[in-house]
Amino acid sequence: MRRICLLALLLSATVGYAGAEALLIRNGTVLTVTKGTIPNGSVLVEDGKIAAVGENLSAPAGATIVDASGKFLMPGMIDCHSHTAIEGGVNEGTVSDSSMVSIEDVIDPTDINIYRALAGGLTVSNVLHGSANAIGGQTVVVKLRWGKTAQEMLFAGAKPGIKFALGENPKRQGYTPPSVLPPARPAERRYPGTRMGVEDVIRESFMEAKNYREDWQAYRARVARGEHPLPPRKDLRLEPLVEVLEGKRYVHAHCYRSDEILMLLRVADEMGFKIRTLQHALEAYKVAREIAEHGASVSTFSDWWSYKIEAYDATPYNVAILTRKGVLVSVNSDSDELQRHLNLEAAKSMRYGGLSEAEALALVTINPAKQLGIDDKVGSIEVGKSADLALFDGHPLSNYSKPLRVWIDGHEYFDRDKDLEKRPDFERRKKALEDKDNGAPRLPTGR
């Protein structure tokens, strides 16, 4: 762990600040995702935005020129389900509704997994609270600006979200077996302990939120009439749920089983809000029509199954079935390892279900951008969007291809050649720091 931290400090001090006001990437195969493929295309970047896309583009004076001959340029990938760069724990598991806590407060910008994700072509992550709660904490969308502060990583203008969870995770959190407790303490239970209890927690919290909103509406109406009433007491747990009711905050719901998916959609319809994404949703293919009718989308794994009881009815055809039924689908990581090769996870949908290259690429670019409400800014190579780009030495849907360079807002945050060149120096500097650390005097450990 200490070695990883040392490496993170070294990298953040030297990588991620390169860039230019103008950048021309030319003579490559440009995979726009939404506007087709340009075989011998170029992309002009100015002030961090895509200024032009086409063939035979001219570079303004002073622009950095990148020759992409024989290479493939695609939009930076987007992960709709990540827990990367979270410091201090992903779950606030002591309560069933922890909507008052926020992942934004615990983003660790020195987490080496940020750099490793960049090295795989990932530029945006939806960082979620864990799944120990029926209603979990607030989520945050970040750009992987390695070397910047946590606040500088936040995706400006991205709508906030909140994590829900159904099934095994929130219900089994309610019981602590005696075997893991100190002898003097009895077994502990936290409501809910059943699937129906999980549903009740969600419904009850939203009933409270609706009453809370009505109190504030009544207060504001009295103020508008010139009265001077005392305001209702602010409730930080209910404030985010009111935002959900008003469409100001997205719901990202961890789920697996089709019956629980239907349950959540019914509760949402009853309470008057929408589910933005069903996360994991391995049995979503069974209820694709109902998901489409509700207007929800699905962010799932490519081919994970049988790792727990809820996952036994999964199929790698889930993505293709949902896509053909009109559901917006993305492929996510939920893993610091898997986020390094989301392009290959997307490629599996071509084998399992016959999606086209464009449809497969959309699973990790424009589709998650739409799910997060940021598709006007990222997710495809189009004029006016942020210059979040990844250059590969081959087609990104081939497992023989490697990311070579990655840009965010037109600034270079990863260069494979520079990385390889600097590694010997990193190793020397890391060893010097370790030697210095090992030689430092230690505090006595005795009592």
>> As an exercise, state the distance from CD of E345 to OG of S330, rounded to the nearest 0.5 Å.
In response: 12.5 Å
> So which heavy atom on L344 is nearest to which on P396, and how close?
Replying inline: CD2-O, 4.0 Å
> Given the rule in the side chain to side chain donor-acceptor pair (under 3.5 Å) test, do T277 and Q279 qualify, once you have shown the distances and angles that lead to the verdict?
Replying inline: CA-CA 6 Å; T277 67; Q279 296 285 337; 2.8 Å; yes
> Hey, does E152 have a side-chain heavy atom less than 4.5 Å from the side chain of P109?
Replying inline: no
> Hey, is CD on E87 packed in by over 12 heavy atoms from elsewhere, all under 6.0 Å?
Replying inline: no
>> To check you understand the geometry: which heavy-atom pair defines the closest contact between L404 and K71, and what is its length?
In response: CD1-CE, 3.5 Å
>> Going by side-chain contact (heavy atoms from CB on, under 4.5 Å), W407 matches just one of V66, V45, L118. Which one?
In response: V66
> Is it true that a side-chain atom of S297 and a backbone atom of R276 form a donor plus acceptor pair closer than 3.5 Å?
Replying inline: yes
> If only atom types and distance count, is the side chain of N126 paired as donor or acceptor with the main-chain N or O of T139 below 3.5 Å?
Replying inline: no
> Of the non-hydrogen atoms in P192 and V201, which two are nearest, and what is the gap between them?
Replying inline: CD-CG2, 3.9 Å
> Just by modelled atom types, is the I114 backbone N or O under 3.5 Å from a matching donor or acceptor in the D111 side chain?
Replying inline: no
>> How long is the straight-line distance from CD of Q339 back to OG of S333, given to the nearest 0.5 Å?
In response: 5.0 Å
> How about K35: does its NZ atom have over 12 heavy atoms from other parts shown lying under 6.0 Å from it?
Replying inline: no
> Is the shortest heavy-atom distance from the side chain of I135 to the side chain of I162 under 4.5 Å?
Replying inline: yes
> Should R423 and E427 count as an ion pair when the cut-off is N to O under 4.0 Å?
Replying inline: no
> So with a 6.0 Å cut-off around OH of Y307, is the heavy-atom count from everything else above 12?
Replying inline: yes
> Is the shortest side-chain N to carboxylate O distance from R340 to E337 below 4.0 Å?
Replying inline: yes
>> Check this for me: does any side-chain nitrogen of one of E382 and K385 sit under 4.0 Å from a carboxylate oxygen of the other?
In response: yes
> What distance do N169 atom CG and C255 atom SG have between them, rounded to the nearest 0.5 Å?
Replying inline: 11.5 Å
> Does E283 reach the main-chain N or O of R257 with its side chain, forming a donor-acceptor pair under 3.5 Å?
Replying inline: no
>> Quick one, N113 and R116 - any side-chain contact, counting heavy atoms below 4.5 Å?
In response: yes
> Nearest 0.5 Å, what's the NZ-OG distance between K163 and S98?
Replying inline: 10.0 Å
> Given the rule in the side-chain contact (heavy atoms from CB on, under 4.5 Å) test, do I261 and Y256 qualify, once you have shown the distances and angles that lead to the verdict?
Replying inline: CA-CA 7 Å; I261 291 171; Y256 286 92; over 6 Å; no
> Nearest heavy-atom pair of P316 and W305: which atoms, and what distance?
Replying inline: CD-CZ3, 3.7 Å
> What do you reckon, is NZ of K308 surrounded by more than 12 foreign heavy atoms closer than 6.0 Å?
Replying inline: yes
>> On a heavy-atom basis, which atom in A132 and which in G93 lie closest, and how many Å separate them?
In response: CB-CA, 4.1 Å
> Taking side chain as C-beta onward, heavy atoms only, is I408 less than 4.5 Å from V124?
Replying inline: no
> Could K422 and D425 be called an ion pair, given the rule that one side-chain N must be under 4.0 Å from one carboxylate O?
Replying inline: no
> With a 6.0 Å cut-off on ring centres, are F72 and F392 close enough?
Replying inline: no
> Where is the tightest heavy-atom contact between V364 and L342, given as atom of each residue plus distance?
Replying inline: CG1-O, 3.7 Å
> Are V329 and T300 close enough that some pair of their side-chain heavy atoms sits under 4.5 Å apart?
Replying inline: yes
>> Donor-acceptor check, side chain of D97 to backbone of S99, threshold 3.5 angstrom: yes or no?
In response: yes
> Is the shortest distance from a Lys or Arg side-chain nitrogen in D67 or R26 to a carboxylate oxygen in the other one below 4.0 Å?
Replying inline: no
>> Determine whether a donor-acceptor pair (N or O, by modelled atom type, separation under 3.5 Å) exists between the side chain of S102 and the backbone of E104.
In response: yes
>> Between I202 and L166, is there a side-chain heavy-atom distance shorter than 4.5 Å?
In response: yes
> Is a side-chain donor or acceptor of K377 paired with a backbone partner of A369 at a separation under 3.5 angstrom?
Replying inline: no
> Could you state the interatomic distance from CD1 (I103) to NE2 (H83), rounded to the nearest 0.5 Å?
Replying inline: 8.5 Å
>> Looking at E293 and E290, would you say the former's side chain and the latter's main chain have a donor-acceptor pair under 3.5 Å?
In response: no
> Should E310 and R195 count as an ion pair when the cut-off is N to O under 4.0 Å?
Replying inline: yes
> Around atom CZ of R405, are there more than 12 heavy atoms of other residues, nucleotides or ligands at under 6.0 Å?
Replying inline: yes
>> Using side-chain contact (heavy atoms from CB on, under 4.5 Å), reason through E55 and S42 one step at a time and then give a plain yes or no.
In response: CA-CA 6 Å; E55 299 178 349; S42 301; over 6 Å; no
> Under the criterion side-chain contact (heavy atoms from CB on, under 4.5 Å), which of T123, I78, I374, D409 is the partner of K143?
Replying inline: D409
> Does E92 offer a backbone N or O that forms a donor-acceptor pair with the side chain of H129 under 3.5 Å?
Replying inline: yes
>> Please determine whether salt bridge (charged side-chain N to carboxylate O under 4.0 Å, His left out) holds for the pair E243 and K248, giving the CA-CA distance in whole Å, both sets of side-chain angles, and the decisive distance to 0.1 Å.
In response: CA-CA 5 Å; E243 292 176 345; K248 298 175 182 177; over 6 Å; no
>> Check E199 with R203, please: is the shortest side-chain N to carboxylate O separation under 4.0 Å?
In response: yes
> Are L355 and V319 side-chain neighbours, meaning at least one heavy-atom pair lies under 4.5 Å?
Replying inline: yes
> Does K325 NZ have over 12 foreign heavy atoms under 6.0 Å away?
Replying inline: no
> Do Y285 and Y317 have ring centres separated by under 6.0 Å?
Replying inline: no
>> Test side-chain contact (heavy atoms from CB on, under 4.5 Å) on Y115 and D419; report intermediate values, then the result.
In response: CA-CA 11 Å; Y115 183 74; D419 180 284; 2.4 Å; yes
> Are D47 and K49 close enough for a salt bridge, meaning some N to O gap below 4.0 Å?
Replying inline: no
>> Could you walk me through whether L73 and L31 satisfy the side-chain contact (heavy atoms from CB on, under 4.5 Å) test, starting with their C-alpha distance in whole Å, then the side-chain angles of each, then the deciding distance to 0.1 Å, before giving a yes or no?
In response: CA-CA 6 Å; L73 186 70; L31 305 169; over 6 Å; no
> Donor-acceptor pair, Q371 side chain versus V298 backbone, under 3.5 Å?
Replying inline: yes
> Looking at H254, H252, H280, which hits ring pair (Phe, Tyr, Trp, His ring centres under 6.0 Å) with H81?
Replying inline: H280
>> I need the K348 NZ to L397 CG distance, nearest 0.5 Å.
In response: 12.5 Å
